[in-house]
Amino acid sequence: MQEKYTPSDIEKAAQEYWESTQAFKAQAAKDKPKYYCLSMFPYPSGKLHMGHVRNYTIGDVLSRFHKMRGYNVLQPMGWDAFGLPAENAAIKNKVPPAKWTYDNIDYMKGQLKSLGFAIDWSRELATCRPEYYMWNQWLFLRMLEKGIAERKTQVVNWDPVDQTVLANEQVIDGRGWRTGALVEKREIPGYYLKITDYADELLNDLDTLEGWPERVKLMQANWIGKSTGVRFAFKHDITDDSGQPIDDGKLWVFTTRADTIMGVTFCAVAAEHPLALHAAKRNPDLAAFIEKCKHGSVMEADMATMEKEGLPTGLFVTHPLTGEQVPVWVGNYVLMSYGDGAVMGVPGHDERDFAFAKKYGIEIKQVMARTRTAEDSDAAEYDLFDAAGDWKEWYGWKVNVQTVNSGKYDGLGYEAAVNAVATDLAAQGIGEKKVQWRLRDWGVSRQRYWGCPIPMVLCDDCGPVPVPDEQLPVVLPEDCVPDGSGNPLLKREDFLNTPCPKCGKPAKRETDTMDTFVDSSWYYARYATGAGANTMVDAETDYWMTVDQYIGGIEHAILHLLYSRFWTKVMRDLGLVKYREPFAHLLTQGMVLNHAFSHKPEGGGKDYYWESEIDVQRDAKGQITGAKLKSDGTVLDHELTTMSKSKNNGVDPQALIEQYGADTARFFMMFAAPPEQTLEWADSGVEGAHRFLKRVWAFGHALAGQSAAAMPASLADDLAAARREIHVTLKQASYDLSKQQFNTVASACMKMLNALEKVQKDAADGWLAVAQEGFSILLRVLSPIAPHISHALWRELGYGGDILNAPWPEPLEAALKQDTVELMLQVNGKLRGSIKVAADAGKDAIEAIALADEMAIKFMEGKPAKKVVVVPGRLVNIVA
RNA sequence: GCCCGGGUGGUGAAAUUGGUAGACACAAGGGACUUAAAAUCCCUCGGCGCAAGCUGUACGGGUUCGAUUCCCGUCCCGGGCACCA
């Protein structure tokens, strides 16, 4: 056995051994419980970064741990290979996205292999391969048949100079990233998947996901956003140019606050609303305002933070309960795509309406008063409603308030008022209670090249026609090079021209491709499908699914996970799978953050710089206070954010692996922080992890070549203590693993080695027995985290077989046993010392010992003990 | 702006989920070995104090015999907000 720890040799040998024995090839087996462990597949951006290392090491630790626990483990890997960065790279380097993507996959696969993950590579897939994405197309056609997919209009960011649709990411401060042109909102046709049809089930089934973090379920529930309210109409007799009443003379709105309906002093409609468009015909100012509303962002965050602006239309509608005339405004914050594109304005009891009314001098009516409760009976000053003053929190409350100035509805609480109002509106036939969802349908059309083609043909005569199944897949040509000025497929005649499947006349293919979230919505099921399947999924899927443990970044808490859940339910309804949820347990890994430095140049866009290109200024505590570009001194913006290719702040693990080895990289990553916690990247501490592995190797080397020693019936004190320390630590480590808290499992390994090293080699008989037993425990606990060194030492020391299949160690009661325990001694909650008592001492005996203690007597200052709290095994607190 | 997290020594973190705050490490300082360096090993290490002790888990309150942990409020940082993935 080599004396020196040389990771490069050890790791290469272990990986070759695993490869030659096909150690990680997963096959259905009846004699063992299955464990499908899945990490979110990476986007092939070029190189791995530390976030990947963290994600995949977590998955690997869980996989290897479960294998040792006797499970039949599947851990697959693949590539989320379609997406925008490949097109950006093409624009920059004039390389086809396909080539760039495949090259990146090659490189990153090599990196993953060098990290020694227990992956079944035979199941590898890439979503940009026709054999994968043809099933996107196939399922899309099924959805179309069932009415789950439909064609509607969608609002997109339009760059008027490049004549192209921009992703939100490509819009910086309202301007196109390449052209700097003001971006416009534009309506174009696109396909939607009716996820809202599944809203109820997606919400209710969250309760069945016991293995999901509460915070993720909460985020999803909030996103789905079920709210009960009232949809009702304001009647009017506004007619269009042909004399027809617009929208049948009804302005529909939805509200969750029908209890405040008597406080309505205006209505606001979206810029695209028929009433707005009608009024604009005779009002140039309004027409200009509507035109202005077309610019700007489609993002919710921008909508919420932008200055709320409006203009009166000069039109009035009739309040359904008071008969009063209510002015109609156009508001830039009202979206045509939400509900009916119109809202009622109650400035007295809605904060946004309050600000709007004050800005434009609209009347503010109080229709709610605070109800006095026991807790705030003395808060008289808060009860005063002041329309001229500032907004007060309670104006918007639903509880501890009741209706006032509301005529027949006076004196009611929230629910009673809503019910009374809804009943009266229903009696008039212009309103009803309605469940409203925040969740919107999933728009899947992307005006981009590098994605899965939507299998439709546009015929002048027949309109949009689905591509027949037997013509699938619609293959994306892989040699296009996007240049930023629209979808290159529009110039590909060979792709574009095709006969209409219905009438046979010349027609054009749809050039829109699918949202890449489609690709990632079912890849987990495809991994589990047998090789060579000529269906989307097969019987083997039923064996492996559902995924027992899914691991991925918290940034996917809503969209990816919700779309995957939806897709699963659609597949179930089509009879393709039997399960209703894809992921039983979810571990949301915290992001690995790094500093990012950027600058917004004159012509628009946003440039990111590598840390090596800049000078960083720090304060005395090392906090970054500023940064300048080395080349020309440009002052840069600074943020702490997730590692990504586009921000030039990814840290490549390659240097780490080459210098210290994969085991050190893995061990350090696990040791650094618990998996769910956000982690600011710093490599200080890598040395320590490496030092530890060197000590493990050295200890193993010292034990090599010795035959197995029997454990003596009794051990010297220091050996018994060391052995106990090992078993106590093992117990803790197993518990921590069940909690998925790997940083303390890593530190447990360190504690075990510390305990073993502490006892002198020749201290007493039994040393060898304790060392051999302890080291075999240490290696097994260490092996999921640092598998290569554990594999090598396990074989060198002849513990028998392959550590991959060694049973997980169990702590021995005999080793854990102790005769006396130390209890902390508190007086009035302050630590004053400690007492030693027999391990089996009763409460009375412990009390007696505590009260007789010198420190207890001193700090009780002669006062009698009012109460003595005894926490078994932990402490005694004397209250004097 | 809205939804969800987080904040503990110089640094990463731990605390059996209400019971010894800082385990395990990193960095730093001191020492041993060495001609020297590297490597390795030993010691010190929240703050104040000679000590007894006091104080300390972002900040301000509260509940409790006892709060990093539970409740209320504030500040800061991160994630998501539907075309980045």
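Residue numbers begin at 1 in each chain, while the letters A, B, ... track the order of the sequences.
Computed from coordinates, the A:Met108 CE to B:rA85 C1' distance equals 12 Å when rounded to whole Å. Rounded to an integer number of Å, the gap from CG of A:Leu562 to C1' of B:rA82 is 10 Å. In this structure, CZ of A:Phe668 is placed 10 Å from P of B:rA13, rounded to the nearest angstrom. Taking atom CE of residue A:Met643 and atom C1' of nucleotide B:rG78, one finds them 14 Å apart after rounding to whole Å. Atom C1' of nucleotide B:rG80 and atom CG of A:Asp302 are separated by 14 Å, given to the nearest angstrom. The nearest whole Å value for the distance from the CD atom in A:Glu639 to the P atom in B:rG78 is 8 Å. Protein atom CG of A:Leu753 is 14 Å distant from nucleotide atom C1' of B:rC41, rounded to whole Å. Counting to the nearest Å, the C1' atom of B:rC81 and the CD atom of A:Glu169 are 15 Å from each other.
Across all strands shown, A:Val868 has no heavy atoms under 4.0 Å from either base or sugar-phosphate atoms. Within the nucleic acid shown, A:Asn877 comes within 4.0 Å of at least one base atom, counting heavy atoms only. Within 4.0 Å (heavy atoms only), A:Met299 reaches sugar-phosphate atoms of the nucleic acid but no base atom. The residue A:Gln826 sits close to a base: some heavy atom pair falls under 4.0 Å. Here A:His560 lies out of heavy-atom contact (under 4.0 Å) with every strand. At a threshold of 4.0 angstrom between heavy atoms, the contacts of A:Phe692 with the nucleic acid are absent. Contacts of A:Leu825 with the nucleic acid, taken as non-hydrogen atoms under 4.0 Å apart, are absent. Across all strands shown, A:Ser684 has heavy atoms under 4.0 Å from sugar-phosphate atoms exclusively, and none from any base. In this structure, A:Val156 reaches the bases: a heavy-atom distance under 4.0 Å links it to at least one base atom across the strands shown. Base engagement by A:Ser445 is indicated by at least one non-hydrogen atom pair under 4.0 Å involving a base atom. If you check every strand for non-hydrogen atoms under 4.0 Å, A:Ser520 touches nothing. Contacts of A:Ala301 with the nucleic acid, taken as non-hydrogen atoms under 4.0 Å apart, include base atoms.
For A:Tyr5 and A:Arg695, the side-chain atoms include no donor-acceptor pair closer than 3.5 Å. At a cut-off of 3.5 Å, with distance as the only test, a side-chain donor of A:Trp522 or A:Asn136 sits close to an acceptor on the other residue. In this structure, a donor-acceptor pair under 3.5 Å is absent between the side chains of A:Thr642 and A:Ser644. Using modelled atom types, one finds a donor on one side chain and an acceptor on the other under 3.5 Å when comparing A:Tyr660 with A:Glu687.
OP1 or OP2 of B:rU40 has at least one side-chain nitrogen or oxygen of A:Lys694 nearer than 4.0 Å. Phosphate contact (OP1/OP2 of B:rC24, side-chain N/O of A:Asn754, threshold under 4.0 Å): absent. Distances shown here put every side-chain N or O of A:Thr744 at or beyond 4.0 Å from the OP1 or OP2 atom of B:rC24.
A heavy-atom distance below 4.5 Å is not found between the side chains of A:Phe566 and A:Ser521. In this structure, the side chains of A:Trp223 and A:Leu439 come closer than 4.5 Å at one or more pairs of heavy atoms. Residues A:Phe859 and A:Gln826 have side chains not in contact (no heavy-atom distance under 4.5 Å, counting atoms from C-beta outward). With a 4.5 Å cut-off on side-chain heavy atoms, A:Leu831 and A:Met824 count as touching. Between A:Lys398 and A:Arg257, the closest side-chain pair of non-hydrogen atoms falls below 4.5 Å. Put simply, the side chain of A:Phe41 reaches to within 4.5 Å of the side chain of A:Thr127, judged on heavy atoms.
Rounded to whole Å, the separation between the P atoms of B:rA14 and B:rU69 comes to 16 Å. With C1' as the reference atom, B:rU64 and B:rU11 are 34 Å apart, rounded to whole Å. Going from the C1' atom of B:rU63 to that of B:rC72 covers 11 Å, rounded to whole Å. Distance check on atom P: B:rA38 versus B:rA32 gives 15 Å, rounded to whole Å. A gap of 16 Å separates the C1' atoms of B:rU17 and B:rU57, to the nearest Å. B:rG78 sits 25 Å from B:rA25 when the C1' atoms are compared, rounded to a whole Å. The separation of B:rA28 from B:rU55, taken at their C1' atoms, amounts to 24 Å, rounded to a whole angstrom. Rounded to whole Å, the C1' atom of B:rA23 lies 10 Å from the corresponding atom of B:rA13.
The residue among A:Tyr43 and A:Gly829 whose nearest nucleotide of RNA chain B is located toward the 5' end is A:Gly829. Taking the nucleotide of RNA chain B with the nearest heavy atom to each of A:Pro674 and A:Glu687, the more 5' of the two is matched to A:Pro674.
Shown here, B:rG9 is classed syn by the O4'-C1'-N9-C4 or O4'-C1'-N1-C2 angle, which is within 90° of 0.
Helical stems in RNA chain B, defined as runs of 3 or more consecutive Watson-Crick or G-U wobble pairs with donor-acceptor distances under 3.5 Å: B:1-7 with B:75-81, B:10-12 with B:24-26, B:28-32 with B:40-44, B:46-48 with B:53-55, B:58-62 with B:70-74.
A donor-acceptor pair under 3.5 Å links the side-chain atoms of A:Gln220 to the main chain of A:Ala557, judged by distance alone.
Among the nucleotides B:rA13, B:rG19, B:rA15, the one closest to the side chain of A:Gln741 is B:rA15. For A:Leu875, whose side chain is taken as the heavy atoms from C-beta onward, the closest listed nucleotide among B:rG19, B:rG12, B:rA82 is B:rG19. Closest contact between the side chain of A:Pro85 and the listed nucleotides B:rG12, B:rC84, B:rG79 involves B:rC84. Closest to the A:Arg691 side chain, of the nucleotides B:rG79, B:rU40, B:rG1, is B:rU40. Ranking B:rA25, B:rA85, B:rG1 by closeness to the A:Leu84 side chain, first place goes to B:rA85. Taking the side chain of A:Glu555 as heavy atoms from C-beta on, and the options B:rG79, B:rA82, B:rC24, the nearest nucleotide is B:rG79.
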Review point. Can A:Thr196 and A:Asp441 be said to form a side-chain hydrogen bond (donor to acceptor under 3.5 Å, both in side chains), step by step?
Key: CA-CA 6 Å; A:Thr196 50; A:Asp441 280 331; 2.6 Å; yes
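Ring pair A:Tyr56/A:His52 is parallel by interplanar angle, where below 30° counts as parallel and above 60° as perpendicular.
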Exercise for review: Report, as a single string ordered 5' to 3', how protein heavy atoms within less than 4.0 Å touch nucleotides 3-9 of chain B: B base, S sugar-phosphate only, - not at all.
Suggested key: SSS----
Review point. In B/S/- notation, 5' to 3', how is nucleotides 52-57 of chain B contacted by protein heavy atoms closer than 4.0 Å?
Key: SSSS--
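Remark: aromatic rings of A:Tyr133 and A:Phe82 are close, center separation under 6.0 Å. Between A:Phe692 and A:Phe671, a ring centre-to-centre spacing not shorter than 6.0 Å is recorded.
The side-chain contact (heavy atoms from CB on, under 4.5 Å) test with A:Val827 singles out one residue from A:Lys858, A:Arg832, A:Lys863, and that residue is A:Arg832.
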